[in-house]
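Throughout, protein chains are lettered first and strands after them, A, B, ... in sequence-line order, and every chain is numbered starting at 1.
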Amino acid sequence: MLFSGVDLEGSVKEEPVVKKANDSARSAAPILKSVRSKLNVGCDSNSKPGESSSLLLNSDGSLPFYFIDAHEELYGPNSGIIYLFGKVKEAGGTYGSCCAVVNNMQRCVYVIPNGSVRCKGKWDFKGRVSLTLQEMASVLKKEVKEKLFEQGVLNFTMTPVKRSYVFERPDIPMGEQYVLKITYPFKYSALPPDLKGEHFSALLGTNCRALEHFLIKRKITGPSWLSFLKVASCSSAPHKVSWCKFEVTVDDPKEVRISKVSMQIPPVIVTSINLKTVINEKQNVNEIVSASVINCCKAKIDSPTSEWEKPGLLKHLTIVRKLEEDIFPMGFEKEFAIRNAKDITLSQESTEAALLNRLFLKIYNLDTDILVGHNISGFDLDVLLHRAQACQVKSHMWSKIGCLKRSAMPKLTKADTIYGSGASRGIMTCTAGRLICDTYLCSRDLLKEVSYSLTPLAKTQLNKDRREIASHEIPKAFQSSRSLMELVECGEADARLSMELMFHLSILPLTRQLSNISGNLWGKTLQGARAQGVENLLLHKFHAYKYIVPDNIPTRGKNLNFAKRRLIYSVDGGNVDNLNTREITSENDLQQVNQGKRKKGPAYSGGLVLEPKKGLYDKYILLLDFNSLYPSIIREYNICFTTVERSADGSVPQLPSSKMPGILPELLKALVERREKVKESIKTTSGLDLQQLDILQQALKLTANRLFCIYGCLGYYNSRFYAKPLAELITSQGREILQSTVDLVQNDLKMEVIYGDTDSIMINSGLDDVKKSKQIASEVIKKVNKKYEYLVTDLDAMFKRMLLLKKKKYVAVKVQFKDGKQYEVVECKGLEMVRRDWSLLSKEVGDFCLSQILSGGSGEDVVVSIHNSLMKVQKEMRKG
DNA sequence: ATGATAGGTGGCGAGA
DNA sequence: TCTCGCCACCTAT
């Protein structure tokens with residue numbers, strides 16, 4: 001099955017077979033026994049004295065591990081080591097956090113030999129000598145061996161293997177051929193990507209990351225149950241590298257497998273954080289005065305969590321500190337005592353450093369899997385770590401914000417990052433092992449709202465009023481006990497709202513499913529890295545079919561590479577016209593790079609927009625729409641890296657003639673079919689499973705929406721799978737399809753097309769009757785759909801009245817049906833009132849005018865009424 | 001570093 | 001003062 005992470009039928013069944021390995025079973029058993037005994041010693045912090053916990057094993061003696069997050073150090077002595085974070089099951093049936101250290105990762109580099117080898121398995125070397133595979137291999141091996149020694153790589157294996165290459169590098173031949181696969185340990189540095197030799201023209205995979213290699217090779221697609229066949233050792237408390245409850249070491253990556261038994265997906269521990277800060281004017285930095293934490297210890301990730309507010313699941317704590325050398329206001333001690341009567345929910349500290357220590361310790365003790373907060377990645381985490389640095393919080397404390405013990409703080413980027421741009425790499429490094437769920441970023445992805453601040457979101461989504469305290473008001477809060485308690489409550493309320501938002505939007509189950517579908521790391525999906533999702537999907541798929549994938553261009557020095565890449569890969573420059581043109585081209589490109597991201601002219605032409613026949617229409621207008629046009633084109637014409645022949649001069653390629661289905665079309669087919677299947681399952685299932693299916697369907701819908709991203713990634717310059725010719729081919733087909741549809745409707749069906757944009761056309765039916773219009777529409781649709789196999793048009797809407805003003809600007813009264821009843825909705829596209837950069841007044845006035853125009857009243861009445869209202873507005877403005 | 005291109009609109013400054 | 005080109009911003013698909 002394609003996406004093994006998603007289990008459609010009969011997902012929840014078997015519990016893991018509890019404890020003990022078969023005595024005779026595997027040699028792993030004794031090791032695991034010792035693991036277990038060590039773990040009893042090792043799990044120091046979380047278990048109460050006298051309580052001992054041991055891990056449950058599968059019946060074959062392997063250790064089940066629910067994989068959640070992973071991390072690799074990119075620099076330093078630990079690069080090449082992979083850290084997996086997840087959950088293991090304890091004897092009591094509870095779950096504990098676990099870190100698995102995977103050692104001995106091997107680099108994997110492909111050597112592309114010179115000359116053609118596609119002729120009958122013989123290596124045609126420089127067209128002169130024809131050698132056998134074995135002979136050629138030995139010549140090549142000898143040279144590669146020398147080169148490896150030169151690079152200081154002393155320990156390696158070499159194997160000739162058959163692989164295909166179908167991407168955009170002109171220096172690597174397309175199609176299947178024998179290449180030499182080299183593997184060597186990560187402790188040796190990466191080979192230079194441009195290394196060449198007498199017998200080989202290129203290297204691929206030189207800088208592949210250990211983690212990516214691991215996940216692709218082990219076919220791990222997002223959060224899922226894994227089993228560790230052998231666990232080499234288990235560190236006890238002082239020797240642990242992580243803050244997790246348990247820690248194991250895996251010395252052979254191949255001992256990590258996807259679990260074949262389906263087991264219940266464990267709940268996770270979610271901690272919501274909200275900081276209240278004051279601005280230190282002298283240094284222009286935020287200082288923390290209070291931190292609120294809300295913890296839910298059993299959040300479901302396979303279905304929506306509905307009862308998260310149930311007593312016992314939720315705990316809260318707010319830590320406040322004194323402002324400057326002040327003392328806490330009068331009466332605070334009393335409040336303090338009341339709040340802590342039953343449970344510690346309020347904590348007072350005298351310094352910011354003490355507050356931070358307390359908070360980090362709390363997160364550690366909670367054994368948090370997921371940190372949540374509104375704009376947590378853009379604000380709270382950044383402030384936390386900067387303050388930890390400024391207050392000289394010890395590394396064994398601040399590093400508890402993540403799961404890996406650290407001694408040095410990674411470079412944090414400046415605090416003044418753009419609102420909502422996500423966390424910096426340094427912050428993500430610190431939090432490795434705990435997922436970051438930023439409800440601000442997520443709602444921006446999942447919802448369409450005017451504003452994504454907490455206050456409006458709380459209102460529109462949760463129907464709750466949020467009390468806001470402006471940042472300059474915060475110092476005043478310390479003047480009285482009452483106002484200070486209000487500050488505390490505000491912090492807790494905010495933390496709570498953010499968590500509620502997360503549950504309300506089912507962010508965890510949704511993003512988990514998305515990660516499973518695309519094979520992405522959950523943390524990346526939460527960060528909204530859409531391009532990366534597609535990248536992973538393609539990586540998994542192409543690897544499975546034995547294709548060598550395009551190299552990962554490292555971020556560092558990318559700007560330099562940009563121009564270089566342009567020169568190497570650019571088909572524009574490939575024109576043998578003259579060298580001058582080429583140099584100018586690359587110089588222009590360099591300029592574009594230097595001028596930054598703001599200036600980016602389109603690289604190729606996109607969708608067709610028809611000139612609108614402007615005016616007010618009062619007969620029924622039919623809006624016809626091709627369902628996900630670009631993905632369908634890929635399927636319809638079998639467009640793929642593997643099928644389209646790219647021309648050398650950079651012109652738009654021809655449609656493929658190959659009937660062999662390409663990988664992209666197959667992928668889309670699988671996704672579409674999968675969605676259909678889920679839809680069907682939804683009809684026939686009930687109860688809890690239905691909720692799960694619903695999430696699945698939502699996720700699939702999201703992916704379907706993001707199928708567009710597959711096209712996007714083909715046209716996205718920084719994408720690993722950048723293929724301008726393919727993107728161009730797709731859009732050019734799109735234009736042709738739209739045009740031919742227009743021609744069909746106008747010439748053959750003799751109907752008037754008044755507008756069209758990329759994948760849609762509007763037809764003036766000239767009718768007053770709904771039913772007749774509908775009938776006509778279905779006839780048109782039938783005719784259009786007959787022409788295509790996968791492309792499907794649909795009647796998107798019928799407009800009773802419409803005002804068509806410009807390209808991409810129109811208002812219409814849409815007719816809809818619900819329970820057999822007809823009702824009308826106003827749809828407004830592109831006009832001022834749907835834009836955020838127009839004032840409320842102009843929106844209101846516009847709204848009124850349009851409602852008048854579309855009311856269907858006589859022309860004169862409308863004019864009079866609009867005029868009157870405008871006069872009224874004018875008067876009001878003069879007054880104001 | 002964080003899918004695409006097409007298109008409308010107001011603001012701004014240069015130049016007539 | 002007016003026009004024009006450029007830019008930032010936001011939207012449609």
Side-chain angles (χ1 to χ4, degrees), chain A residues 377 413 417-418 420-425 428 441 444-445 448 450 518 520-521 523-538 552-559 561-562 565 593 595-612 614 623-631 633 703 705-724 726-732 734-735 737-738 755-762 796 804-812 827-839 842:
Chain A
S377 60
T413 41
T417 44
I418 317 146
S421 64
S424 74
R425 190 176 286 274
M428 293 314 281
L441 288 178
R444 228 173 36 165
D445 261 13
K448 193 174 159 27
V450 194
S518 65
N520 207 1
L521 277 176
K524 300 278 184 189
T525 311
L526 278 166
Q527 287 282 299
R530 282 183 272 211
Q532 201 148 19
V534 176
E535 184 181 308
N536 263 297
L537 192 59
L538 297 182
N552 194 5
I553 309 305
T555 322
R556 252 216 285 197
K558 194 161 195 167
N559 275 5
N561 275 345
F562 193 93
R565 222 176 123 192
V593 177
Q595 276 169 12
K597 313 103 205 173
R598 57 178 82 158
K599 209 184 180 183
K600 55 163 193 187
Y604 57 93
S605 42
L608 176 67
V609 185
L610 302 178
E611 195 55 50
K614 297 167 195 171
L623 176 59
L624 267 54
D625 217 89
F626 282 102
N627 296 333
S628 37
L629 180 71
Y630 288 168
I633 289 175
T703 16
N705 290 341
R706 290 174 189 191
L707 290 184
F708 187 70
C709 293
I710 293 189
Y711 152 74
C713 283
L714 299 179
Y716 172 44
Y717 193 82
N718 288 322
S719 157
R720 200 157 158 187
F721 289 91
Y722 179 61
K724 194 170 101 171
L726 296 192
E728 259 181 316
L729 181 58
I730 292 167
T731 55
S732 81
R735 290 192 294 274
I737 286 165
L738 187 70
Y755 179 57
D757 186 342
T758 312
D759 62 353
S760 68
I761 55 168
M762 288 184 192
D796 206 50
L804 182 54
L805 292 167
K806 295 225 149 171
K807 283 180 174 178
K808 297 181 194 290
K809 279 185 195 277
Y810 61 86
V811 229
E827 203 171 87
C828 188
K829 298 282 185 186
L831 294 182
E832 297 89 87
M833 49 265 253
V834 298
R835 293 173 64 103
R836 290 176 300 175
D837 54 351
W838 281 74
S839 74
S842 68

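Taking atom P in both B:dA1 and C:dC10, one finds a spacing of 22 Å when rounded to whole Å. Spacing of P atoms, C:dA8 relative to B:dT2, comes out at 16 Å, to the nearest Å.
To the nearest angstrom, P of B:dA6 lies 9 Å from OH of A:Y604. One atom, CG of A:L729, and another, P of B:dT5, lie 16 Å apart when rounded to the nearest Å. The distance between atom NZ of A:K808 and atom P of B:dT5, rounded to the nearest whole Å, is 13 Å. In this structure, A:L805 places its CG atom 13 Å from P of C:dA12, rounding to the nearest Å. Distance CG (A:L610) to C1' (C:dT13): 13 Å, rounded to an integer number of Å. Counting to the nearest Å, the P atom of C:dA12 and the CG atom of A:L623 are 13 Å from each other. With rounding to whole Å, A:R444 atom CZ is found 12 Å from C:dC10 atom P. The separation between A:R835 atom CZ and C:dA8 atom P is 15 Å, rounded to whole Å.
Between A:L738 and A:T758 there is no side-chain heavy-atom pair separated by less than 4.5 Å.
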| said: Does A:D837 form a side chain to side chain contact (heavy atoms under 4.5 Å, CB included) with A:E832? I'd like the steps, not just the answer. | reply: CA-CA 8 Å; A:D837 54 351; A:E832 297 89 87; over 6 Å; no
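Between A:V450 and A:R836 the shortest heavy-atom distance is O-CD, 3.7 Å.
For A:V834, the listed nucleotide lying nearest its side chain is C:dA12; candidates were B:dG8, C:dA12, B:dT5. Out of C:dT13, B:dA6, B:dG3, the shortest distance to the side chain of A:V609 is found at B:dA6. Comparing B:dT5, B:dG3, C:dT11 against the side chain of A:A531 picks out B:dG3 as the nearest. For A:Y716, whose side chain is taken as the heavy atoms from C-beta onward, the closest listed nucleotide among B:dG10, B:dT5, B:dA4 is B:dA4. For A:T758, the listed nucleotide lying nearest its side chain is C:dT13; candidates were B:dT5, B:dT9, C:dT13. Minimum atom distance to the side chain of A:D757 is reached by C:dT13, of the listed C:dT13, B:dT9, B:dA1.
Where A:Q532 and A:K807 each meet DNA chain B at their nearest nucleotide, the meeting point lying more 5' is that of A:Q532. When each of A:G712 and A:G607 is assigned the nucleotide of DNA chain B with its nearest heavy atom, A:G712 is the one assigned upstream, toward the 5' end.
Backbone-only contact: A:S605 has heavy atoms under 4.0 Å from sugar-phosphate atoms and none from a base. Residue contacts shown for A:V534 are absent, as no nucleic acid heavy atom lies under 4.0 Å away. When heavy atoms are screened at a 4.0 angstrom cut-off, A:Y810 is found touching the sugar-phosphate backbone but no base atom.
In this structure, A:Y717 does not reach the B:dT2 phosphate: none of its side-chain N or O atoms is under 4.0 Å from OP1 or OP2. For C:dT11, the OP1/OP2 oxygens have a side-chain nitrogen or oxygen of A:R836 closer than 4.0 Å. At the phosphate of C:dT13, OP1 or OP2 sits under 4.0 Å from a side-chain N or O atom of A:K829.
A salt bridge links A:D757 to A:K808: one of the charged nitrogens lies within less than 4.0 Å of a carboxylate oxygen.
Here the OH atom belonging to A:Y755 is positioned 11.0 Å from the CG atom belonging to A:L805, to the nearest 0.5 angstrom.
A donor-acceptor distance shorter than 3.5 angstrom exists from the side chain of A:T731 to the backbone of A:S605, with no hydrogens or angles considered.
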